[in-house]
Amino acid sequence: MSDTLIELRNISKFYGNIIALTGVSTTVNPGEVTCVLGDNGAGKSTFIKILAGVHQHDEGELLLEGEEVTFSSPRAALAAGIATVYQDLAMVPLMSVWRNFFLGAEPTRGFGPFRQIDIEKAKQIAKEQLAEMGIDIRDTEQPVGTLSGGERQSVAIARASYFGARVLILDEPTSALGVKQSGVVLRRIVEARDRGLAVIFITHNPNHAYPVGDRFVILNRGHSMGNFAKEDISQAELTQMMAGGAELEALQHELATH
Amino acid sequence: MAADTAGGADERLAYRGPIQQLLTRPEIGALLGLAGVWLLFWLTSEAFGTAGGTANFLDVAALLGIMAVPVALLMIGGEFDLSSGAMTGATAIFVILMSREVGELGGAGFSLHLAVPLSLCFALAIGWFNGTLVERTSLPSFIVTLGTFFILIGAKLGFGKLFTNKVIVEGLDEAQGYEFWDDIFGAEWIRNQHIWDGRDWAWAGLLVLAGVALLLGLLEMSYTRRADPPPWAAAGAFIGAVAVPLFGFVMLLTTDGTASNWLGGAVIAAGTLAGVATWCASRYEPVQRRRPSPDNRTMRMIGLGVGAVVVAVVLALVMDATNSDQLGFLGGGLGRAVFAIGIAGTGVLAALAATGHVRSSAPVIGVIVSLLPAISFMMTIQAARALLFGGLAVAGVVALMLVTARADLSLWLPMATAAIVAIAAFVVQAESASRKLRVELFSVLLLIALALAATAAARALAQRRSTAVPVPQMGLWPRVGAAAGGAAAVVFAVIELIDGDGLLYALSTGAAKGGAIALGIFAVGTFYRLLFSSDEGMGRPLVTVGLAAAGLALAVKLMFITTLEEEATQAVTRFRVSVLFYVLFAAVGAWVLAKTRFGSWTFAVGGNKDAARSVGVPAARTKTTLFMLVSVCAWVAGMLIAFRLNSVQANVGDGNEFRYIIVAVVGGNLLTGGYGSAIGAAIGALIWGMISQGIGFARWNTDWRFLVLGGLLVVAVIVNNYVRQRAERSQAARGDPDDDEPPGGDAGAADESASAGAEP
Ligand SMILES: Nc1ncnc2c1ncn2[C@@H]1O[C@H](COP(=O)(O)OP(=O)(O)OP(=O)(O)O)[C@@H](O)[C@H]1O
Ligand SMILES: [Mg+2]
């Protein structure tokens with residue numbers, strides 16, 4: 001499967017006078033996991049926010065199935081089947097788990113002016129989806145603000161993987177997770193890939209990236225350092241590139257001599 | 001109330017009883033405030049508690065509430081609208097200018113059939129303008145709508161004078177189509193014209209239904225059901241809880257005089273107690289653990305409670321003169337001296353507080369002292385009595401109820417407490433000089449005694465619930481009820497319309513009759529399920545029935561007059577159609593917030609706008625819609641004002657925007673957005689109406705009106721905040737809230753905002 005789903009050509013993004021991305025190009029294929037790697041501030045989140053419709057690119061072209069598009073809002077991206085786990089999780093702390101889960105896409109019943117949320121159904125689905133993530137929530141009425149950090153991240157991941165029909169974007173989804181839940185997330189990524197979804201996965205952990213990734217996009221200070229297929233790069237090389245190379249070696253050396 | 005978790009309960013969740021559930025609602029502070037304020041003025045004034053008094057404060061509350069509800073929604077969505085007050089007046093002036101004859105200084109000369117919809121478009125345009133500007137510029141809505149506010153007051157005066165050369169725009173009643181629109185916006189319900197001698201029977205019957213349903217609902221929520229109920233259970237309970245009290249009511253209603261009052265009261269009490277005891281013994285798991293004997297602290301609290309009740313009763317007997325002179329004991333030199341001492345004390349205490357010698361709240365004492373002379377002139381003797389008496393009685397009863405509810409005491413203590421309250425009731429009944437205290441206070445005290453005794457009996461007999469149960473599906477009952485009620489409402493309304501009665505009359509009688517039918521069917525279904533199915537979790541439906549019956553009882557009592565009353569009164573009581581809009585808007589607001597996508601989005605854009613947008617909420621559209629909602633309601637309020645007054649002053653409505661906001665805050669809405677309730681805002685409006693009118697009813701010196709109003713509102717907000725923080729603390733026991741959580745969070749917040757009606 002390699003008829004390209006999304007193609008980015010020379011995408012640039014400026015925040016006022018801050019240049020966050022310049023001339024980044026890559027392709028995202030269905031049935032593949034694309035890992036976006038890079039240092040802090042490299043522009044990874046900016047990159048995926050353009051795909052998610054949160055920001056719009058200032059230069060370059062974004063092609064969805066060969067046609068040029070600009071997602072004017074996250075709602076538009078969601079409508080195109082692109083769901084995202086944001087780095088800040090995008091949760092409303094005062095609202096309950098099930099409301100956060102379905103926010104923006106609530107299931108409804110009734111018709112016309114009497115249309116209302118199907119609360120029972122929503123609660124049930126939320127509970128099931130979370131259980132599949134290995135998170136057993138006590139009460140889906142609990143406000144998200146009172147969940148633990150990992151539980152909150154799991155809610156965000158469960159939400160995205162429930163709604164992502166074609167593309168699933170995960171921005172450091174495992175940063176707060178326990179070993180078991182991280183494993184679950186990696187397995188879900190693979191499952192989603194096998195179902196034919198395109199997955200975009202951002203992480204700082206090469207041990208997570210290398211096993212699941214099919215392609216690697218490495219960003220540094222807003223520039224693309226290259227696209228690599230898995231065959232073309234070893235885990236050690238990858239780790240080195242992610243850390244900007246020399247510095248990590250120096251550190252390893254330093255630590256070894258102590 | 002969070003009892004209905006999907007897929008059953010989780011063992012890691014502590015069960016919260018009905019009272020605890022109530023305490024986590026955002027509008028709980030407002031509800032308590034409402035009860036307190038009503039009690040205060042009811043005790044202080046003869047007229048306040050009557051239908052006339054009620055019509056009076058409802059009128060104020062309605063115009064306020066119609067706006068407070070959408071303003072609360074907007075606040076939950078994280079924005080303010082400072083132009084909302086001026087907008088009400090602007091739409092009123094707009095419609096008059098549009099409909100005035102074209103003349104030398106005339107208006108547009110449109111028929112009202114055109115002018116009224118035009119004014120709606122005008123309002124929508126303002127709302128759209130506000131919303132779009134806020135969204136486009138990302139400026140605080142505070143600034144943007146302040147601009148709109150000035151534009152509107154300028155336009156009102158400017159155009160008003162341009163067309164009419166006066167600051168007052170008049171002559172709506174000469175416009176074409178006036179009759180038709182006046183029938184909608186100017187309608188009134190004149191109580192004296194609606195005589196119904198069966199009213200008191202309906203009232204009493206509905207009250208009994210309400211009492212039984214609420215009592216059973218609370219029991220059902222509190223105790224665990226046993227697996228094998230003995231067969232005599234239901235019959236015994238029915239006779240006890242329904243038949244005997246009904247008999248007592250009949251006795252009270254059909255006979256006159258003290259002796260039968262005694263007897264009726266005693267029969268109701270005995271029957272209810274027996275019913276509760278039978279019901280609890282037969283339906284719920286029996287208690288297992290032994291009850292400890294009370295500790296010293298409990299005994300002290302009981303002592304204080306009983307003492308307060310006794311002193312209150314003595315006060316009631318000694319002081320119930322209907323003296324409406326001012327207290328005025330701190331006049332002249334003495335008053336000035338007290339004032340000076342208070343001010344000086346404030347200064348000294350403030351200095352001490354600043355250096356850390358006394359607590360930082362100490363200066364408040366000085367302020368209170370300095371206010372004493374003013375208070376002494378503000379209050380009548382009657383009011384002071386009421387305050388003292390009411391305060392003591394309420395404090396005493398609350399202390400007793402807390403003790404009996406908290407400590408798992410042996411049965412005799414709560415029973416003795418109940419007996420003391422009952423004796424107090426009978427003493428007041430026999431000895432008091434005022435009719436009000438004899439009749440009404442007697443009933444209230446007796447009810448409290450009854451509640452205490454019933455609680456104690458239930459606690460002694462039944463095992464408390466430890467797990468939550470989901471509310472069972474009610475099957476066809478609610479749907480059949482709603483369908484039949486709705487159909488009946490339409491039929492009755494059409495019949496009345498054909499009879500040539502006004503629209504308001506047709507609508508309200510239709511609604512009342514349809515509502516009664518729907519309630520009846522739903523109640524039958526609920527009781528049927530309660531008695532003949534093995535469902536647990538019937539508490540919620542029962543409470544729904546109880547509240548609806550109580551509401552209907554109140555409506556019946558307020559809407560109709562009996563022949564006897566009609567002959568005895570000269571005053572005409574009228575309810576304006578604004579009350580209908582008020583109730584409707586509050587109900588719709590609550591429904592929208594709790595059940596619809598738009599409601600969810602409102603909470604989300606107020607709670608975390610960026611997150612809401614990121615996950616696909618159309619944030620800009622939601623906010624703009626909220627602004628437009630405010631402007632539509634401002635249009636309704638404007639029409640109500642225009643058709644009531646026929647001529648509108650240029651400054652009508654200016655400054656009200658802050659009232660809407662404070663009323664919403666009193667109702668438990670968070671100023672920073674993301675949390676709140678529409679019902680709360682409606683209750684807040686009611687509190688405002690009661691206070692502002694009650695001061696007049698109580699014949700307090702009205703020069704001080706705003707001082708009292710301000711003070712009481714501050715108290716209301718503080719109480720509100722306190723209650724919410726307490727609720728949160730009990731909530732926090734469940735999970736460890738992160739430090740990045742905004743203040744004022746609460747579970748159950750975002751969920752349903754107490755929708756009073758049955759689920760459709
Ligand atoms: N809204 C914004 N306004 C201005 N600058 C921004 C904005 N968002 C991001 N930036 C800047 O753009 C650069 C890239 O940020 P981005 O969040 O994409 O980094 P990242 O690769 O996701 O980093 P991390 O690994 O820490 O998550 C940073 O230098 C950041 O300061
Ligand atoms: Mg990032």
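Throughout, a chain's letter reflects where its sequence line sits, starting with A, and its residues are numbered from 1.
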Under a 4.5 Å cutoff for heavy-atom pairs, which residue among Val144(A), Val92(A), Asn100(A), Asp88(A) has the most contacts with chain B?
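It is Val92(A).
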Let me have the donor-acceptor pairs involving side chains of residues 71-80 of chain A, under 3.5 Å, with sequence neighbours excluded, atom names and distances please.
| from | atom 1 | to | atom 2 | distance (Å) |
| --- | --- | --- | --- | --- |
| Ser73(A) | OG | Arg75(A) | N | 3.3 |
| Ser73(A) | OG | Ala76(A) | N | 3.3 |
| Arg75(A) | NH1 | Gly104(A) | O | 3.1 |
| Arg75(A) | NH1 | Gly616(B) | O | 2.4 |

Which atom of [X] lies closest to which atom of [Y], heavy atoms considered:
| X | Y | answer |
| --- | --- | --- |
| Arg115(A) | Trp591(B) | O-CH2, 3.9 Å |
| Leu103(A) | Ala604(B) | CD2-CB, 3.6 Å |
| Ser600(B) | Glu106(A) | CB-OE2, 3.6 Å |

Atom [atom1] of residue position [X] - does it have more than 12 heavy atoms of other residues, nucleotides or ligands inside 6.0 Å?
| X | atom1 | answer |
| --- | --- | --- |
| Leu139(B) | CG | yes |
| Phe114(A) | CZ | no |
| Glu68(A) | CD | yes |

Is Tyr86(A) reaching over with its side chain to a backbone N or O of Ser614(B), donor-acceptor style, under 3.5 angstrom?
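It does hold such a pair.
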Decide yes or no for Phe102(A) and Arg597(B): does some side-chain heavy atom of the first lie under 4.5 Å from some side-chain heavy atom of the second?
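The answer is no; the side chains never approach within 4.5 Å.
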Interatomic distance, Leu94(A) atom CG to Leu670(B) atom CG [nearest 0.5 angstrom]
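Spacing of CG (Leu94(A)) from CG (Leu670(B)) equals 7.5 Å.
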Salt bridge (charged side-chain N to carboxylate O under 4.0 Å, His left out): which pairs involve residues 609-623 of chain B, sequence neighbours left out?
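Passing the test, one end in residues 609-623 of chain B: Glu79(B)-Lys623(B), Glu135(B)-Lys609(B).
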Test side chain to side chain contact (heavy atoms under 4.5 Å, CB included) applied to Lys595(B) and Ile117(A), Ile119(A), Asp118(A), the passing residue
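Passing option: Ile119(A).
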Of the backbone (N, CA, C, O) and the side chain (C-beta and beyond), which part of Pro113(A) lies under 4.5 Å from a heavy atom of chain B, both, or neither?
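Backbone of Pro113(A) only, per the 4.5 Å heavy-atom cut-off to chain B.
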Using a cut-off of under 4.5 Å for heavy-atom pairs, which of Val592(B), Val617(B), Val615(B) has the most such pairs with chain A?
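Top count of heavy-atom pairs under 4.5 Å with chain A: Val615(B).
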